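Computed from a predicted structure; not experimentally measured.
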Amino acid sequence: MFEHLQQYAGDPIFGLNDAFHRNTHPQKINLTIGLYYDDDGRIPVLSSVAAVERGLASDPAPRTYLPMEGLASYRSAVQRVVFGAGSEAVAQGRVATIQTLGGTGALKVGADLLHAAYPESGIWISDPAWDNHYAIFGGAGVPTHSYPYYDPATKGLAFDAMMSCLRGLPSRSIVLLHPCCHNPTGVDLSRDQWREVIGVLSERGLIPFLDMAYQGMGEGMDDDAHAVRAMAEAGLSFLVANSFSKNLSVYGERCGGLSVVCGSEAEAELVLGQLKAIVRRIYSSAPWHGGHVVAGVLNDENLHAQWLEDVAAMRERMSWMRTLVHEQLSAKLPGYDAGYFVRQQGMFTYTGLSREHLLALRERHGVYIIDSGRVAVPGLNTANVEHFTNAMADVLNTL
């Protein structure tokens, strides 16, 4: 019946992760997958999350279906975290927010909404990008394109080329943007650059879709949401997908949100109705357990403060790893500019390593980096950073 179907090649990142586990090198390092590990190489269970789960276990409640839009206390918490406690757009009822199946689910629901509202519109995605962005929007029927973003020569932002592209886009084109911790490059826009981007988005009548999967992992919970809040203050209508997978370390609970900022409260009601209809067609309702865990942390003053401290510790650890790599590579490779390790931020760094370099790292040293050259920084720790910089120095010196 299905013999005519194409063979699925599999996800390249998960495939490389499997190859890492088969490798027998005694000092192997896995820098492939986007998970946060502590300095002991473990995925943490945050104390705030554990406290809520103990409470849920001590007073069991029926696991009924949540509403299509999700848990009300979850949705209001998403709005506070993403838009800020004093958001005018939220206070005016202009933001339609739903609980989603992770950030990926938020992107899918948003893609379906936009394709239904603007069937002729295409989406422009940064070059390079997270590959799944193309798969999600293409799968929803949205034509996909790319805009310049990364400059290999400087290992920084190709801002002029990016702006030139945005200025030339047709009205109602969708533009996918990362407010912070760009995946895969770790290269973010400055506040002045965001101001220019927002101006062009407004002038050209473009539709921004912000994907914020790493809030708090770059500069701080509020600072990382600067672009979202600046767009809301500028009066733009736009979409925001957010995820709690990384910053709450609840990956498998699939906790995300989709918010749509509208021009009026009446429009937000229309949008919320359409979002519910899309959810009903896909998965009907969001997870009960994850929703109550996230809502429990974010709506309790003490647990919320504890969470912010935990995220700050994650952020500072990654920053420290970047500093160590920069210092060690600068000492071991005096002619090599390793400054990008400290200029980029968040969970990922774009190294610019060639395919030959990457293969040598795996075969000689058991250091696994995905084929784009993206390093997952949390995979580094004080026990393995020396091996990583030695491996980098070896392959850069000999190839």
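- Residues forming a ring-ring contact (aromatic ring centres under 6.0 Å, His included) with His25 (at least two apart in sequence, or on another chain): His387.
- No side-chain N or O of His182 forms a donor-acceptor pair with one of Gln344 less than 3.5 Å apart.
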- Query: When you look at Asn381 and Asp40, which way does the side-chain hydrogen bond (donor to acceptor under 3.5 Å, both in side chains) test go after all the steps?
  - Reply: CA-CA 7 Å; Asn381 55 56; Asp40 294 321; over 6 Å; no

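- Annotation: side chain of Met162 is in contact with side chain of Val197 (closest heavy-atom distance under 4.5 Å).
- Annotation: side chain of Val297 is not in contact with side chain of Phe244 (no heavy-atom distance under 4.5 Å).
- More than 12 heavy atoms of other shown residues, nucleotides or ligands fall within 6.0 angstrom of atom CD in Gln92.
- Note on ring orientation: taking the six-membered ring where Trp is involved, the planes of Tyr214 and Phe348 are perpendicular (angle over 60°, cut-offs 30° and 60°).
- Thr398 and Arg364 are linked by a side-chain donor-acceptor pair at a separation below 3.5 angstrom, with hydrogens and angles left out of the test.
- Using a 4.0 Å cut-off between a side-chain N of Lys or Arg and a carboxylate O of Asp or Glu, Asp223 and Arg191 qualify as a salt bridge.
- Note on Asp371 versus Arg362: salt bridge recorded, some NZ/NE/NH1/NH2 to OD/OE distance being below 4.0 Å.
- Under the 3.5 Å distance criterion, the side-chain polar atoms of Asp224 are matched with a main-chain donor or acceptor of Met217.
- Taking a cutoff of 4.0 Å between a charged side-chain nitrogen and a carboxylate oxygen, Asp39 and Arg317 qualify as a salt bridge.
- Rounded to the nearest 0.5 Å, atoms CG (Leu177) and CG (Leu201) are 6.0 Å apart.
- Using a cutoff of 4.0 Å between basic side-chain nitrogens and carboxylate oxygens, Asp18 and Arg22 are not scored as salt-bridged.
- In this pair, Trp307 and His304 present their aromatic rings perpendicular. The plane angle is above 60°, beyond the 30 to 60° band.
- With sequence neighbours left out, the ring-ring contact (aromatic ring centres under 6.0 Å, His included) criterion links Tyr150 to Tyr350.
- Not one N or O on the side chain of His326 forms a donor-acceptor pair closer than 3.5 Å with the backbone of Arg322.
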